[in-house]
Trainee: 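Attaching a single structure in structure tokens format; questions to follow.
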Amino acid sequence: MTNEEVKSIIESLLFVVGDEGIDLKRLVEAISVEEALVVESINELQTEYADRERGFQIVYLGGSYQLTTNSKNAPYIEKMVEDPKNHSISQAALETLAIIAYKQPITRVEVEEIRGVKTDKPLQTLMSKLLIKEVGRAEKTGRAILYGTTREFLFHFGLSTIEDLPPLPDGQDKGEDDEADLFFEKFQEIPE
Amino acid sequence: MTNEEVKSIIESLLFVVGDEGIDLKRLVEAISVEEALVVESINELQTEYADRERGFQIVYLGGSYQLTTNSKNAPYIEKMVEDPKNHSISQAALETLAIIAYKQPITRVEVEEIRGVKTDKPLQTLMSKLLIKEVGRAEKTGRAILYGTTREFLFHFGLSTIEDLPPLPDGQDKGEDDEADLFFEKFQEIPE
Amino acid sequence: MNHYNVKVDAFEGPLDLLLHLINKYEVDIYDIPVSQITDQYLTYIHTMQELELDIASEYLVMAATLLAIKSKTLLPQREEELFEEEHDLEDDPREELVQRLVEYRKYKEAADELKKKESSRSLLYTRPPADVTEYTSEDSNTSIGDVTLYDMLAAFQKMSRRVKEKKPKRTTIKTEEIPIEDRMNEIKQQLRGGGRKRFTDLFTEHEKGPMIVTFLAILELMKTRELSCEQEGNFGEIMIFESERKAME
């Protein structure tokens with residue numbers, strides 16, 4: 001494998017792993033080349049990005065390599081993120097809202113378990129927009145606050161009751177099951 | 001601002017938005033330069049990535065730009081992460097989706113007329129995968145639900161816009177010849 | 001029956017089955033030999049019945065349609081029609097069916113195209129949006145905007161995909177790698193010297209892999225008579241301990 005190929009693969013892998021980063025061992029395993037070649041390629045990429053002032057940089061944090069944005073461009077990121085016109089409600093807040101809507105009553109910790117990330121900020125946002133509210137305290141787990149949706153929520157999404165929510169998309173595949181079901185249903189429909 | 005700077009900023013912004021993507025308008029607003037310069041810079045980046053076989057590529061999906069990995073590197077990424085995409089869609093659902101994509105807005109009954117079978121289940125599957133959604137009600141026919149494709153549909157199939165769908169096979173392919181044949185055969189068949 | 005090789009589940013309905021027959025017998029879709037195709041179609045239906053599969057009503061309706069067309073084509077044509085070819089063509093009893101088949105075939109082909117698009121798209125990997133909380137100050141008085149239910153569900157779906165994506169494949173492989181021998185030794189160690197343990201307490205980990213390994217290790221130790229187990233009554237707690245033979249060694 002050429003050095004350029006290794007560099008290309010490293011870029012792809014770093015891109016996909018996102019904020020988690022990836023350690024050298026996993027990189028080496030995934031690419032199946034000498035560790036030295038991986039290290040050398042990372043160094044070359046770092047130099048290239050720096051020399052050509054690219055939008056990315058590779059940092060080594062807590063034992064893993066991570067692709068991040070060039071800090072020089074932070075003001076533009078801020079500008080994009082802040083623009084209220086385009087950002088009525090953040091993706092994080094929407095995710096959180098979906099979880100609460102379907103699993104209410106639910107605690108912050110439970111929401112965080114599902115999302116896999118901290119959720120204080122989105123909860124605050126949703127509270128301030130009156131889409132969710134405290135609906136009680138959890139018996140166990142130190143009487144943590146339980147959240148639920150509000151009338152405002154129903155109103156905004158045009159629902160008469162919470163039961164009107166469509167079934168949750170499951171992203172994970174039920175595809176195969178569906179197919180099997182479909183097959184059976186198809187052949188069961190006709191009474192003998 | 002130099003062209004190189006714009007390119008660097010675009011890289012950073014695309015990196016940050018991830019699979020949300022960002023449309024041209026927001027890019028232009030965040031960078032505050034001429035739209036033409038942004039478009040030109042994106043084109044240049046695309047060419048650079050392709051020429052140098054980098055790990056990234058910029059695609060235009062569902063009306064927005066996003067950064068993805070180079071498809072050449074897919075085998076290495078597969079080795080490392082669980083692929084949530086590999087659950088493909090059942091044949092029944094795909095047929096249904098094709099009909100909806102080309103004939104939207106369309107009712108369930110109309111889809112069933114074309115397929116010649118019941119289609120509730122595939123519709124449900126497609127809804128739960130967010131590939132289709134209700135887009136209205138038919139005026140006639142008892143206000144039946146009209147279905148259409150979603151932005152997720154464009155993402156899933158790598159389409160920039162709905163116009164990007166390949167032309168519908170005309171089904172007439174060998175039609176003309178056949179018609180001539182039909183005519184002749186007819187003629188010969190006729191008993192004296 | 002073998003030579004029919006019927007794969008009913010491979011058909012998406014009667015139109016699909018008909019298209020299959022048309023391809024298989026290499027006949028012209030615009031000039032379907034109705035007798036032949038009807039016979040083949042009925043053979044499939046009968047085979048499905050022999051296989052004791054219930055047949056969806058659509059298949060039976062199609063069978064009836066085919067028979068009706070067949071009988072029409074067999075009827076002697078009236079004299080005057082013989083001289084009006086055009087009229088004759090329009091009146092072809094197959095016409096409507098042909099149109100349906102051609103229409104259906106278009107979308108079947110379009111579905112294949114979509115599938116190809118899907119698979120090339122699946123080679124492109126993206127990443128979730130970066131955490132931008134450090135850049136934001138989500139203003140409490142911004143309105144929620146015109147976010148729809150669909151947007152909320154799409155956000156949820158993306159999240160579940162992202163959460164799944166984060167699971168590195170490596171962990172799965174790693175859990176499979178626990179050698180049963182090691183687990184057997186651990187269990188023996190725990191029970192050495194006449195100790196008794198509840199069966200359930202041996203399952204310290206709640207992941208599938210380790211649980212299976214533990215279970216297999218216990219079975220293996222019982223097979224080699226190094227461990228015994230006891231249960232007082234149905235659904236009682238199962239107790240595991242060193243077998244006497246072993247304890248006496």
Side-chain angles (χ1 to χ4, degrees), chain A residues 4-5 7-18 22 26-27 29-32 45 49 52-57 67-83 85-87 91 166-176 178-183 185-186 189, chain B residues 2 4-5 7-18 20 22-23 25-27 29-32 45 49 52-56 67-81 84 86-93 117-118 120-122 124-125 127-130 133-134 152:
Chain A
E4 288 303 308
E5 278 169 325
K7 273 155 61 177
S8 172
I9 298 167
I10 291 174
E11 284 186 322
S12 288
L13 293 177
L14 285 177
F15 177 74
V16 168
V17 296
I22 181 169
R26 272 180 77 196
L27 268 180
E29 273 171 18
I31 315 179
S32 307
L45 282 172
Y49 290 163
R52 312 185 55 214
E53 303 210 322
R54 303 315 303 247
F56 319 113
Q57 62 191 80
L67 199 62
T68 68
T69 54
N70 184 332
S71 47
K72 191 171 64 75
N73 295 332
Y76 300 96
I77 299 173
E78 229 162 273
K79 196 150 175 235
M80 174 184 71
V81 172
E82 288 261 290
D83 191 345
K85 264 193 308 235
N86 306 308
H87 232 77
Q91 203 63 21
L168 202 56
D170 49 355
Q172 1 286 25
D173 197 25
K174 280 190 321 185
E176 272 171 19
D178 279 355
E179 229 162 351
D181 282 347
L182 185 66
F183 174 66
E185 270 194 18
K186 207 188 244 174
E189 256 160 32
Chain B
T2 72
E4 286 306 306
E5 279 169 324
K7 272 153 61 176
S8 171
I9 298 168
I10 291 173
E11 283 184 325
S12 289
L13 295 180
L14 286 177
F15 179 83
V16 168
V17 297
E20 290 298 308
I22 181 169
D23 60 26
K25 195 167 138 277
R26 273 182 78 196
L27 270 179
E29 274 170 15
I31 315 179
S32 306
L45 281 172
Y49 290 162
R52 311 185 56 216
E53 302 208 326
R54 302 314 303 245
F56 319 112
L67 208 54
T68 72
T69 57
N70 184 332
S71 54
K72 193 169 65 71
N73 294 334
Y76 300 95
I77 301 171
E78 263 162 43
K79 255 163 83 180
M80 200 183 58
V81 292
N86 61 12
H87 41 73
S88 50
I89 300 169
S90 74
Q91 189 59 30
V117 282
K118 285 205 158 254
D120 320 52
K121 199 94 192 192
Q124 256 176 46
T125 307
M127 288 285 275
S128 80
K129 287 181 189 295
L130 303 176
K133 62 177 178 186
E134 285 190 34
E152 181 62 28

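Fair warning: this is a prediction, and the values are worked out from it, not measured in the lab. By convention in this document, chain letters (A, B, ...) are assigned in the order of the sequence lines, proteins followed by strands, and residues within each chain are numbered from 1.
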Trainee: If we define contacts as heavy-atom pairs under 4.5 Å, which of A/Gly55, A/Ser32, A/Gly18, A/Pro167 has the most with chain B?
Mentor: A/Gly55
Trainee: At a 4.5 Å cut-off on heavy atoms, which part of B/Leu27 comes close to chain A: side chain, backbone, both, or neither?
Mentor: neither
Trainee: Are any of the side-chain heavy atoms of B/Glu5 and A/Tyr76 separated by less than 4.5 Å?
Mentor: no
Trainee: Mind running side-chain contact (heavy atoms from CB on, under 4.5 Å) on A/Leu14 and A/Leu45 for me, showing each step along the way?
Mentor: CA-CA 12 Å; A/Leu14 285 177; A/Leu45 282 172; 5.5 Å; no
Trainee: For the candidates B/Met127, B/Arg52, B/Lys72, which exhibits the highest count of non-hydrogen atom pairs separated by less than 4.5 Å from chain A?
Mentor: B/Arg52
Trainee: Checking B/Ile9 against chain A: side chain, backbone, both or neither under 4.5 Å from a heavy atom?
Mentor: both
Trainee: With sequence neighbours excluded, what pairs up with A/Phe15 under the ring-ring contact (aromatic ring centres under 6.0 Å, His included) test?
Mentor: B/Phe56
Trainee: Side chains of B/Met80 and A/Arg26: closer than 4.5 Å at any heavy-atom pair?
Mentor: yes
Trainee: Partners of B/Thr68 by side chain to side chain donor-acceptor pair (under 3.5 Å), sequence neighbours excluded?
Mentor: none
Trainee: Sort A/Ile10 into side chain, backbone, both or neither according to what part of it lies under 4.5 angstrom from a heavy atom of chain B.
Mentor: neither
